[in-house]
Colleague: 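Below you will find the structure I want to go over with you.
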There are 2 protein chains.
Amino acid sequence: MATIAKIDSPWGSQSDREAKRNSKRQAVLDTAVRLFNAKGFQATSLDYVAQALSVTKPTIYHYFSNKDDILFECLRLGMRQIQSAIGEVQQSAATGRDRLEVFAVAYALTMTQEFGMCTIRTSDDQLSAKSRKEFRALKREIHESLQAIIEDGMKDGSLIEGDARLTAFTMAGAINWIGRWYRPDQSMSPDQVAQGVVSNLMTGLVAR
Amino acid sequence: MATIAKIDSPWGSQSDREAKRNSKRQAVLDTAVRLFNAKGFQATSLDYVAQALSVTKPTIYHYFSNKDDILFECLRLGMRQIQSAIGEVQQSAATGRDRLEVFAVAYALTMTQEFGMCTIRTSDDQLSAKSRKEFRALKREIHESLQAIIEDGMKDGSLIEGDARLTAFTMAGAINWIGRWYRPDQSMSPDQVAQGVVSNLMTGLVAR
DNA sequence: GGATTTATTTACTCGTGAGTAACTTTTTTA
DNA sequence: TAAAAAAGTTACTCACGAGTAAATAAATCC
């Protein structure tokens with residue numbers, strides 16, 4: 001395997017505090033998530049992650065108990081970003097349609113970022129039984145919130161009536177997929193992509 | 001590892017012809033794709049696939065040269081299904097909108113089947129460099145066809161003007177995602193799902 | 001029915017990667 | 001500044017899975 005692109009890493013940089021530990025822990029996650037996204041979880045060895053951080057594998061075990069732990073932490077960070085977007089929208093008094101749009105754009109934006117896209121690039125078979133269960137609960141939570149917003153919109157007349165569950169999957173699919181195809185070095189900004197996809201979903205494709 | 005659910009397998013069933021070989025080869029693919037989809041490619045060992053077929057691993061190597069070969073064959077079968085849907089629609093003289101709808105429904109349907117969903121459940125990092133290149137070419141081909149149909153529709157006025165590339169990704173995302181969440185044992189039939197998702201995409205969500 | 005080819009098995013090799021033990025170095029604390 | 005705690009490293013183990021070699025069994029051909 002060729003030389004690895006070295007990361008800006010707290011090891012090797014001198015700093016001060018006790019909370020260094022957190023920054024190092026975070027650095028492991030930042031590097032791991034990047035490599036997981038780029039090469040796949042199984043295909044990324046912890047030796048490789050360590051090497052990218054200019055450190056040896058046992059150092060990583062000083063911050064995490066095992067590989068599953070690292071992946072799950074990445075997934076949780078990604079999910080948390082999406083959930084915070086829900087939070088913002090839940091106390092709003094706007095129509096379902098408006099809340100849906102705001103949430104969907106924020107959701108789409110996280111899919112352009114490493115932790116966000118990690119949640120859909122890694123399939124949950126790779127997790128331990130315990131983590132998988134937790135992860136699925138988080139996913140279900142998000143899906144239910146999305147579906148609830150859609151149902152609100154259907155009730156208040158701002159959205160077309162229909163099968164809210166299926167509609168939620170349609171939206172989630174289009175949005176999640178961003179994490180599969182979008183690379184930041186392309187011609188479109190994350191904002192443009194998020195806005196564009198959501199606008200496609202809201203207004204549809206058919207001319208009238 | 002617990003006992004494996006045994007498959008209806010040409011080994012153990014007596015039959016006649018020389019074309020048995022093809023049927024056995026196909027049985028390997030059928031079983032492999034099912035297990036790949038269920039547990040992930042890397043997490044599925046060939047020993048496990050063999051066991052599910054009541055056979056030993058070297059037998060599989062009698063039909064395929066390596067694991068990559070098997071996966072790639074699965075992917076190709078899935079892609080072929082989607083491509084044949086394109087074929088049907090390309091010689092049609094209907095509007096872009098109508099052709100898009102027909103194609104999208106057929107595409108969505110393949111995502112409810114093992115080989116179809118395999119194309120999106122397995123991320124292409126797992127392939128050898130050579131297979132990955134071929135697979136990406138197939139994906140690009142499909143994406144370009146989809147985009148071309150959308151462009152036709154935008155030109156003939158049957159679809160709303162917009163960024164056809166982004167629209168193609170929006171559609172592909174919602175459709176591909178079916179392969180991630182849909183399980184045939186659920187309340188909706190494949191047809192209902194395909195029709196429902198495509199209708200969501202075509203008409204959008206916003207009431208007017 | 002013996003010879004040849006095809007199908008399948010048993011019994012390996014070999015590399016890799018997760019995880020650990022035990023030692024060393026650095027930092028903190030008293 | 002000595003003792004204790006924290007951060008890292010070297011040097012392993014151990015399991016597992018891809019792929020192969022060589023022998024055996026079954027089917028086919030003459």
Side-chain angles (χ1 to χ4, degrees), chain A residues 1-2 4 9-28 31-32 35-36 39-73 122 125-131, chain B residues 1-2 4 7 9-28 31-32 35-36 39-73 125-131:
Chain A
M1 149 190 341
I4 294 175
S9 154
W11 293 275
S13 94
Q14 68 283 37
S15 98
D16 325 296
R17 226 130 307 292
E18 189 51 271
K20 250 183 175 177
R21 183 165 225 271
N22 288 326
S23 114
K24 290 186 186 171
R25 199 183 138 93
Q26 188 59 45
V28 173
T31 301
L35 297 177
F36 292 165
K39 298 167 44 86
F41 172 69
Q42 302 253 17
T44 305
S45 72
L46 291 188
D47 276 311
Y48 192 80
V49 175
Q51 207 177 136
L53 287 160
S54 315
V55 155
T56 59
K57 183 171 56 173
T59 297
I60 292 181
Y61 280 90
H62 199 257
Y63 294 91
F64 295 91
S65 62
N66 52 42
K67 201 184 178 188
D68 176 75
D69 189 16
I70 297 174
L71 174 58
F72 184 66
E73 209 52 42
T122 323
D125 331 297
Q126 332 240 340
L127 287 168
S128 70
K130 184 174 175 295
S131 303
Chain B
M1 149 191 343
I4 294 174
I7 302 316
S9 154
W11 294 277
S13 93
Q14 68 284 36
S15 100
D16 324 296
R17 224 130 312 292
E18 191 52 272
K20 249 185 176 178
R21 183 167 226 273
N22 289 326
S23 113
K24 289 185 187 174
R25 199 183 138 93
Q26 188 59 44
V28 173
T31 301
L35 297 178
F36 292 167
K39 300 169 42 89
F41 173 69
Q42 302 253 17
T44 305
S45 72
L46 291 188
D47 276 311
Y48 192 80
V49 175
Q51 208 178 134
L53 287 160
S54 315
V55 156
T56 60
K57 184 171 58 177
T59 297
I60 291 181
Y61 281 90
H62 200 257
Y63 295 89
F64 296 91
S65 63
N66 52 42
K67 201 184 177 187
D68 177 76
D69 189 15
I70 297 175
L71 175 57
F72 184 67
E73 209 52 43
D125 331 298
Q126 332 240 339
L127 288 167
S128 71
K130 184 172 174 297
S131 303

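Numbered from 1 within each chain, the chains take letters A, B, ... in sequence-line order.
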Colleague: Does some side-chain heavy atom of Glu73(B) sit less than 4.5 Å from a side-chain heavy atom of Arg25(B)?
Modeller: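 Yes - at least one pair of side-chain heavy atoms lies under 4.5 Å apart.
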Colleague: Closer than 4.0 Å, any side-chain N/O of Tyr48(A) to the OP1 or OP2 of dT16(C)?
Modeller: no
Colleague: Could you state the NZ-P distance from Lys57(B) to dA21(D), rounded to the nearest angstrom?
Modeller: 14 Å
Colleague: Counting only distance, no hydrogens or angles, is the base of dA7(D) paired donor-acceptor with the side chain of Lys24(A) under 3.5 Å?
Modeller: no
Colleague: Would you classify Ser65(A) as touching base, sugar-phosphate or nothing, given that sugar-phosphate means primed atoms plus P, OP1 and OP2, and contacts are heavy atoms under 4.0 Å?
Modeller: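 Ser65(A): no heavy atom of the nucleic acid under 4.0 Å.
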Colleague: Out of dT9(C), dT20(D), dA18(C), which has the shortest distance to the side chain of Tyr61(B)?
Modeller: dT20(D)
Colleague: Calculate the interatomic distance between Gln51(A) atom CD and dT16(C) atom P; express it in whole Å.
Modeller: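 Nearest whole value for this atom pair: 13 Å.
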Colleague: Which nucleotide in the list dA21(C), dT8(C), dT20(D) gets nearest to the side chain of Pro58(A)?
Modeller: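 Shortest atom-to-atom distance from the side chain points to dA21(C).
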Colleague: Within the structure, does a side-chain N or O atom of Thr56(A) lie under 4.0 Å from either OP1 or OP2 of dT9(D)?
Modeller: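 Yes.
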Colleague: In chain order, what residues pass the side-chain hydrogen bond (donor to acceptor under 3.5 Å, both in side chains) check against Asp68(A), with sequence neighbours excluded?
Modeller: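 If we apply the side-chain hydrogen bond (donor to acceptor under 3.5 Å, both in side chains) test to Asp68(A), skipping adjacent residues, the hits are Ser128(A), Ser131(A).
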Colleague: Between His62(A) and Lys67(B), name the one whose nearest nucleotide on DNA chain D is closer to the 5' end.
Modeller: His62(A)
Colleague: Quick check: closest heavy atoms across Leu35(A) and Thr44(A), and the distance to 0.1 Å?
Modeller: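 Between these two residues, the closest heavy atoms are O-OG1, 3.3 Å.
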Colleague: How close or far is atom P of dG17(C) from atom CG of Asn66(A), stated in whole angstroms?
Modeller: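 To the nearest whole Å, that distance equals 17 Å.
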Colleague: Given atom CZ of Arg21(A) and atom P of dT28(C), what is their separation to the nearest angstrom?
Modeller: 14 Å
Colleague: Would you kindly give the CD1-to-P distance between Ile60(B) and dA18(D), to the nearest whole Å?
Modeller: 9 Å
Colleague: To the nearest Å, give me how far apart CG (Asp47(A)) and P (dG17(C)) are.
Modeller: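 For the pair Asp47(A) CG and dG17(C) P, the rounded distance is 7 Å.
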Colleague: Counting side-chain heavy atoms from CB outward, which of dA7(D), dG17(C), dG19(D) is closest to Ser45(A)?
Modeller: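 Ranking dA7(D), dG17(C), dG19(D) by closest atom to the Ser45(A) side chain puts dG17(C) first.
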Colleague: Mind checking what makes side-chain hydrogen bond (donor to acceptor under 3.5 Å, both in side chains) contact with Asn66(A), not counting sequence neighbours?
Modeller: none
Colleague: Could you tell me how far apart Ile70(A) (CD1) and dG17(C) (C1') are, to the nearest whole angstrom?
Modeller: 13 Å
Colleague: Using the ring of Phe41(B) (Phe, Tyr or Trp, six-membered ring only), decide whether Lys67(B) places NZ or CZ under 6.0 Å from its centre and within 45 degrees of its axis.
Modeller: yes
Colleague: Could you tell me the separation between the CG atom of Asp69(B) and the P atom of dA18(D), rounded to a whole number of Å?
Modeller: 14 Å
